[in-house]
4 protein chains.
Amino acid sequence: MEINLIFAYFQWTAHYSLKRVQGTEMRRKQEKRSKILFAAIKVFAQKGFYNTKVADIAREAGVADGTIYLYFKNKDDILISIFEEKMDEILGLFKTRLKKAKNAREKLEIFFKTYFRLINDDQDLAEVFQVELRQSSKFLKDYHHQKFFDYLNIIGDIIKQGQSEKIFRQDLNPLIAKRIIFGAIDEVARQWILGAEREFSTDEACREVIKIIGKGLLQNRN
Amino acid sequence: MEINLIFAYFQWTAHYSLKRVQGTEMRRKQEKRSKILFAAIKVFAQKGFYNTKVADIAREAGVADGTIYLYFKNKDDILISIFEEKMDEILGLFKTRLKKAKNAREKLEIFFKTYFRLINDDQDLAEVFQVELRQSSKFLKDYHHQKFFDYLNIIGDIIKQGQSEKIFRQDLNPLIAKRIIFGAIDEVARQWILGAEREFSTDEACREVIKIIGKGLLQNRN
Amino acid sequence: MEINLIFAYFQWTAHYSLKRVQGTEMRRKQEKRSKILFAAIKVFAQKGFYNTKVADIAREAGVADGTIYLYFKNKDDILISIFEEKMDEILGLFKTRLKKAKNAREKLEIFFKTYFRLINDDQDLAEVFQVELRQSSKFLKDYHHQKFFDYLNIIGDIIKQGQSEKIFRQDLNPLIAKRIIFGAIDEVARQWILGAEREFSTDEACREVIKIIGKGLLQNRN
Amino acid sequence: MEINLIFAYFQWTAHYSLKRVQGTEMRRKQEKRSKILFAAIKVFAQKGFYNTKVADIAREAGVADGTIYLYFKNKDDILISIFEEKMDEILGLFKTRLKKAKNAREKLEIFFKTYFRLINDDQDLAEVFQVELRQSSKFLKDYHHQKFFDYLNIIGDIIKQGQSEKIFRQDLNPLIAKRIIFGAIDEVARQWILGAEREFSTDEACREVIKIIGKGLLQNRN
DNA sequence: GATGAATGAGCCTTCATTCAT
DNA sequence: AATGAATGAAGGCTCATTCAT
């Protein structure tokens with residue numbers, strides 16, 4: 001509930017915060033950029049990056065084809081921008097939410113809850129992140145996402161903190177462990193998104209992850 | 001070592017098993033088909049499905065462009081065939097290997113070991129599975145991966161068996177748990193494959209997975 | 001020196017002469033029109049007509065893209081206007097300068113000197129004339145360069161005058177001869193303009209032309 | 001008459017000479033390439049380079065659009081190839097024809113005759129050379145034609161030879177003189193090509209050039 | 001069966017021109 | 001009058017697929 005409010009607020013600010021002080025025309029420009037980005041997310045989610053025509057995005061956004069190129073260098077740039085800009089929002093949200101936790105175990109739980117809340121609240125975006133950003137060597141090999149590493153390191157840092165707090169096992173390799181965790185939630189989310197019939201809710205998924213991963217990380221005595 | 005032998009054998013049989021009884025010309029036909037499939041795996045792994053030209057596959061396979069269409073309906077069909085045929089091999093291998101285990105815990109461990117052995121031994125194939133098939137649910141609308149479900153259900157069955165053997169927690173939802181496990185190993189494998197510098201070995205990865213997931217599934221008292 | 005002054009005067013008048021009697025706002029309008037024309041000459045000279053974007057001209061002129069269309073019908077119209085208006089200036093200059101000559105031979109020499117002086121003093125304009133207008137007969141199907149014929153006929157008239165003065169050979173075909181002369185000076189000018197390293201001065205070029213063409217036209221006895 | 005025969009022979013050899021020893025399929029490949037080049041010359045001559053669509057060339061050549069790209073890198077490459085390949089033929093023809101001359105004066109005359117014969121016999125090609133190759137900064141500035149310099153130097157060499165034979169004036173600057181001559185014949189040719197109504201024949205043009213330029217170069221005493 | 005030259009539908013991108021402000 | 005964001009038609013080029021040899 002609370003998260004919902006935060007998320008709504010965060011969505012609202014996302015479009016405006018950076019430019020709040022600037023004039024109306026600047027705001028309008030940002031609005032159109034956001035409109036295109038939003039349309040692109042929707043269409044990429046539906047058809048996939050390579051099966052999406054720039055004209056599809058334009059139609060969805062309600063602008064002319066050429067207008068896209070006033071805001072983005074090319075089609076690839078749209079996908080990269082989705083990643084960069086949305087990742088900024090997401091990283092910000094995680095940072096804010098994790099501040100409240102008093103130890104690594106709580107942090108892990110908040111992390112999972114925030115993650116599945118995000119997935120639940122913006123499925124198109126989630127799908128683009130889950131599916132489209134994976135598919136092209138452009139984005140996986142050639143293009144190095146500092147922001148993706150930042151994101152992964154949120155998990156890594158929680159693990160390390162948990163180890164120094166003697167809550168998590170000392171023999172874990174955080175490098176591999178963070179991938180295990182990321183992969184686990186990522187795949188569950190993907191299944192939730194792509195699965196035709198919803199076999200489980202994001203809340204159930206979250207609880208399941210906490211059960212398995214949470215327990216898997218703990219010291220034997222706990 | 002032992003696994004390697006098994007794997008080598010299995011690779012050899014893969015090309016011939018289905019058609020073993022047929023004549024020489026049929027065998028030659030299979031050889032060319034395999035050559036193309038093998039080339040496709042390599043090129044898809046390098047460049048991704050959409051950035052691979054049919055001509056690239058032809059060149060890699062050492063055949064003419066047109067020849068490909070004597071063995072495959074179209075470019076999509078190559079990807080599907082990779083999946084179908086390799087999945088048959090993989091499913092067969094898992095089945096053989098898992099027979100030896102006496103309980104779910106052992107099965108899980110064998111599953112992980114076999115998985116990372118496969119990844120280690122055929123990286124190109126692994127990459128195609130990891131990256132390129134992610135998008136297939138988009139572009140191959142009609143195509144449903146029964147074999148992928150079979151594969152996933154190997155994990156699901158191990159979980160259920162572990163629950164009935166009272167080794168694994170009773171409150172696990174096998175539907176979600178199998179995704180968690182699949183996602184975890186999948187992501188670790190992806191990182192191992194795509195990461196420029198090898199930060200860990202497949203053996204380390206395997207041990208780490210067993211530590212976290214293995215423990216995460218167990219009953220509290222164990 | 002003297003010519004320089006004349007040329008400077010002529011440049012100044014070019015912008016105002018036609019509209020000298022009109023009010024200030026009209027003059028301001030002319031100024032902007034000239035600014036655009038001047039910018040267009042510069043950019044056309046640098047990049048060629050087809051490789052020049054209207055936006056390039058606008059930027060060079062320091063006006064908005066749309067402003068150009070307040071002064072010119074379209075991109076073609078800019079090129080035509082350059083030709084028309086600059087040709088008026090040039091024709092006027094030739095007329096003024098040629099008045100002083102007492103015979104065809106002197107006229108020819110003054111013509112050459114004036115020509116190379118113009119080339120020397122406004123290289124951008126020269127380049128547009130040299131290179132870009134070459135193609136105009138293609139793309140401006142309807143447009144006939146009356147002024148170019150006027151210009152050519154200055155040469156033709158000098159030849160005819162020289163023939164009736166018995167200075168030039170009687171067997172010359174003025175129609176062809178004027179093309180020969182125009183082509184000769186045009187090409188020398190082009191080389192001077194486009195050649196990376198200046199291999200000769202316009203003065204040298206002028207003297208060389210007078211030597212060859214001048215002598216070539218003369219009666220045998222002279 | 002004689003020239004016509006030579007020219008016809010030379011046209012025939014142009015397509016085959018280089019590949020004469022190779023197999024039929026190579027010859028067929030050359031034929032198609034020539035067909036496209038020939039079509040391009042025709043269409044460029046009619047509409048100009050920038051107003052010609054690749055599809056226009058394809059239609060004229062009777063091939064599909066894509067076929068063009070099997071033989072040429074891109075549209076620019078077609079124009080460059082026209083220049084390069086035709087220039088080879090032309091240079092070869094000049095070399096052959098000029099061998100027969102016994103002094104510079106005769107050489108000059110043969111040069112002019114050959115030139116106007118070429119113009120007369122392949123008007124489309126002449127137009128492309130005259131007009132299209134001039135219009136783009138691509139071809140005039142960025143692209144350096146060694147072959148064009150070779151061509152110009154044929155004239156330059158004749159001038160130098162004439163000077164050492166004491167036939168031509170000693171005070172000529174060959175650098176400028178060759179441009180004067182090239183420009184003169186070039187412009188006459190262009191007028192002959194572009195002029196709607198043929199005001200003169202190429203033979204007349206040739207005679208006129210010999211009269212003016214020929215005489216202009218001679219020593220005073222001759 | 002094998003070839004690879006040929007095809008042509010399709011799409012990204014550019015840019016001259018318009019028009020609301 | 002001036003602006004410049006928006007438009008959308010147009011075209012160069014790619015590449016999966018075909019088919020004559």
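Chain naming here is simple, since letters A, B, ... match the order of the sequence lines and numbering starts at 1 in each.
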Rounded to the nearest Å, what distance is computed from the [atom1] atom of residue [X] to the [atom2] atom of nucleotide [N]?
X      : N       : atom1 : atom2 : answer
I68(A) : dC11(E) : CD1   : C1'   : 14 Å
N51(A) : dG10(E) : CG    : P     : 14 Å
L79(C) : dA16(E) : CG    : C1'   : 15 Å
F72(A) : dT14(E) : CZ    : P     : 15 Å
R59(C) : dT3(F)  : CZ    : P     : 15 Å
K35(B) : dA2(E)  : NZ    : P     : 9 Å
E31(A) : dA5(F)  : CD    : P     : 16 Å
R33(A) : dA5(F)  : CZ    : P     : 14 Å

For the backbone of [Y] and the side chain of [X], can you confirm whether one donor and one acceptor N or O come within less than 3.5 Å of each other?
X      : Y      : answer
T52(C) : G48(C) : yes
D88(C) : E85(C) : no
T67(B) : V63(B) : no

Need the pair for dT7(F). Rule: Watson-Crick or G-U wobble, both distances under 3.5 Å, any strand; none if unpaired.
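Pair assignment: dT7(F) / dA16(E).
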**OP:** Return the nucleotide paired to dT21(E): Watson-Crick means purine N1 to pyrimidine N3 with N6-O4 or O6-N4, wobble means G-U with N1-O2 and O6-N3, both under 3.5 Å.
**Re:**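 For dT21(E), the partner nucleotide comes out as dA2(F), under the 3.5 Å rule.
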Exercise for the section: Walk me through it: do Y69(B) and N74(B) pass the test side-chain hydrogen bond (donor to acceptor under 3.5 Å, both in side chains)? Expected result: CA-CA 7 Å; Y69(B) 290 85; N74(B) 52 34; over 6 Å; no
Reading nucleotides 14-21 of chain F from 5' to 3' and marking B where a protein heavy atom lies under 4.0 Å of the base, S where only the sugar-phosphate is that close, and - otherwise, the string is BSSBB---
* Asked: More than 12 non-hydrogen atoms from neighbouring residues, nucleotides or ligands closer than 6.0 Å to CZ on F148(C), yes or no?
  ->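 Yes - once you tally the heavy atoms of other residues, nucleotides and ligands closer than 6.0 Å, there are more than 12.
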query = Between Y71(B) and G62(D), who's closer to the 5' end of DNA chain E by nearest nucleotide?
reply =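 Nearest nucleotide further toward 5': that of Y71(B).
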message: Check the phosphate of dA6(F) against K32(A), side-chain N and O only, distance under 4.0 Å to OP1 or OP2. Yes or no?
response: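 Yes, within the criterion.
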Step by step, work out the side-chain contact (heavy atoms from CB on, under 4.5 Å) result for K75(A) and F49(A). CA-CA 9 Å; K75(A) 195 183 163 191; F49(A) 177 77; 4.0 Å; yes
Contact check, side chains of I78(A) and Y71(A), non-hydrogen atoms, under 4.5 Å:
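Of all side-chain heavy-atom pairs linking Y71(A) with I78(A), none is under 4.5 Å.
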